[in-house]
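Have a look at the structure below before the remarks.
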Amino acid sequence: MKRNIILDCDPGHDDAIAILLAGSNKNINLLGISVVAGNQTIAKTARNALNVATFLGLDVPVAIGCEFPMVRDRLICEAIHGESGLDGFEFPKYEKQFDKRHGVQLIIDSVMNNEKTTIVATGPLTNIAMAIRIEPRLLERLDEIIIMGGSVDNGNTSPAAEFNIMCDPEAAHVVFSSGVKVKMVGLNVTRKVLVTDEVVQRMSKINNKASDMFVKLMKVFNENQRKTFGVIAGPLHDPATIASIIDDKLIKYQHMNVVIDISHGPSYGRTNCDVFDYLHAPHNAYVAMDIDVNRYWDIIEEGIKSY
Ligand code: RIB
Ligand code: CA
């Protein structure tokens, strides 16, 4: 049985590969793509999502979602993703139009009109939180929400906070306290899947349009990651969510209590993961604790080859 998914994203280099992977797998029914501001402004992330989906030949609705977070001021991540939000690859000018609905409405309609839908979120959680508030019945219809975000240990935007959560901590609080099944794929795991030169070379050998896009995007992504964080290669964060649907043994999850720090103090935006159950609080999230790195790159390679 195909898995119904709606992908909410902020392309973003790694989001673009998550779109590629979601559109590549015969066991995934990609109902639509909703877009949120995050790595860049909504105008840019939306344009990027539409370009990637169209370039890959994905016949799915792409809808523009929230431009600003629920409470805090807007952050963007130009240092990593560039002025366009997807520097490194030139897309042709396409005719395809955005879906007329708001991204939040696309999420609501997709979940209410299909059985057991999974929301995959690879950007800030603003659209998801707004959808839950506008249509609470989503919670009984949703299968689960899989997010790339947070971290069991340190952040990448402050010592405490990972970017997607830091962009809208209040939205993350709404999602993590909603009662829906949440799977959190955080930095503690995604920092293990680095797009090394060997990985880029391996994907380059596939020599199709998808590999061409992958190689050109990852070249810029890595250059920016090296400049910003001094790492040997960038972590390919977002596709880990989709890959864990393709192979449910890929990631080891641990059920635990996770509380989002919305105190507006030095740890604002932190995902406080109670790994050792100190607080004996209700377990509200499945937190990724490990990933099969070799299998991950096999899944990425299979996805690129399918185009
Ligand atoms: O912290 C990494 C996350 O922030 C990824 O989703 C990346 O695309 C950015 O949105
Ligand atoms: Ca993202």
Side-chain angles (χ1 to χ4, degrees), residues 6-22 33-42 44-49 52-53 62 65-66 69 74-82 84-89 103 119-128 145-169 171-172 175 183-195 214 217-218 220-222 224-225 228-229 231 233-244 260 268-271 273 287-288 291 296 300:
I6 179 97
L7 176 59
D8 188 78
C9 55
D10 64 333
H13 288 69
D14 49 335
D15 302 78
I17 310 307
I19 293 172
L20 181 158
L21 203 53
I33 298 171
S34 51
V35 192
V36 66
N39 286 319
Q40 258 297 354
T41 60
I42 190 68
K44 294 178 179 179
T45 55
R47 171 54 51 199
N48 293 336
V52 170
V62 178
C66 293
R74 181 177 67 190
L75 291 178
I76 59 172
C77 189
E78 197 150 314
I80 298 295
H81 301 279
S84 72
L86 205 55
D87 284 9
F89 192 80
I119 295 178
V120 176
T122 62
L125 294 171
T126 316
N127 288 339
I128 319 302
I145 298 179
I146 307 176
I147 78 156
M148 189 282 137
S151 181
V152 169
D153 39 48
N154 54 7
N156 62 358
T157 306
S158 77
E162 176 279 330
F163 180 77
N164 286 338
I165 306 298
M166 188 59 144
C167 278
D168 198 341
V175 172
K183 283 180 176 171
M184 181 189 116
V185 183
L187 295 174
N188 54 296
V189 156
T190 61
R191 280 171 165 152
K192 296 181 179 180
V193 289
L194 303 180
V195 196
F214 180 92
L217 286 178
M218 291 302 108
V220 171
F221 182 66
N222 273 337
N224 292 341
Q225 290 274 355
T228 307
F229 293 111
V231 293
L236 195 63
H237 306 284
D238 292 339
T241 55
I242 303 290
S244 76
I260 310 298
Y268 182 45
R270 178 174 173 74
T271 49
C273 301
V287 176
I291 188 168
Y296 181 68
I300 297 288

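One-based numbering along the sequence shown. Just follow the structure's listing: the first ligand is 1, and inside any ligand the first atom is 1. All heavy atoms count here, side chains included; hydrogens, waters and symmetry mates do not.
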Side chains of [X] and [Y], donor plus acceptor under 3.5 Å:
X	Y	result
Ser34	Asn127	no
Asn48	Thr45	no
Asn154	Arg270	no

How wide is the angle at the Ca ion (ligand 2) spanned by Asp15 OD2 and Asp238 OD2, rounded to 10 degrees?
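If I round to 10°, I get 70°.
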For Thr228 and Ile80, what are the C-alpha separation, side-chain angles and deciding distance, and is it a side-chain contact (heavy atoms from CB on, under 4.5 Å)?
CA-CA 7 Å; Thr228 307; Ile80 298 295; 3.6 Å; yes
Let me confirm one number: the CG-CD distance from Asn224 to Glu78, rounded to the nearest 0.5 Å.
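The CG atom of Asn224 sits 10.0 Å away from the CD atom of Glu78.
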Once you restrict to heavy atoms under 4.0 Å, what part of [X] touches ligand 1? Side chain, backbone, both or neither.
X	result
Asp10	side chain
Asp15	side chain
Asn156	side chain

For ligand 1, which atoms sit closer than 4.0 Å to a heavy atom of [X]?
X	value
His237	2 (C)
Asp14	5 (C), 6 (O), 7 (C), 8 (O)
Met148	2 (C), 3 (C), 5 (C), 6 (O)
Glu162	1 (O), 2 (C), 3 (C), 4 (O)
Thr122	6 (O), 10 (O)

For atom 10 (O) of ligand 1, what is the closest protein heavy atom, and at what distance to 0.1 Å?
Asn164 OD1, 2.9 Å
Give the residue and atom name of whichever protein heavy atom lies nearest to atom 9 (C) of ligand 1, and the separation in Å to one decimal.
Asn39 OD1, 3.2 Å
Between [X] and [Y] (side chain of the first, backbone of the second, donor and acceptor by atom type, cut-off under 3.5 Å), is there such a pair?
X	Y	answer
Asp15	Cys9	no
His81	His13	yes
Asn222	Gly234	yes

When you measure from the Ca ion (ligand 2) to each N, O or S atom of Asp10, which atom gives the shortest distance?
OD1
Using a cut-off of strictly less than 3.0 Å, determine whether Thr122 has an N/O/S atom near the Ca ion (ligand 2).
yes
For Val36, which of Leu125, Asn164, Thr126 qualifies under side chain to side chain contact (heavy atoms under 4.5 Å, CB included)?
Thr126
Give yes or no for whether the N/O distance cutoff of 3.5 Å, strictly under, is met between Asp238 and ligand 1.
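N/O-N/O distance below 3.5 Å exists for this pair.
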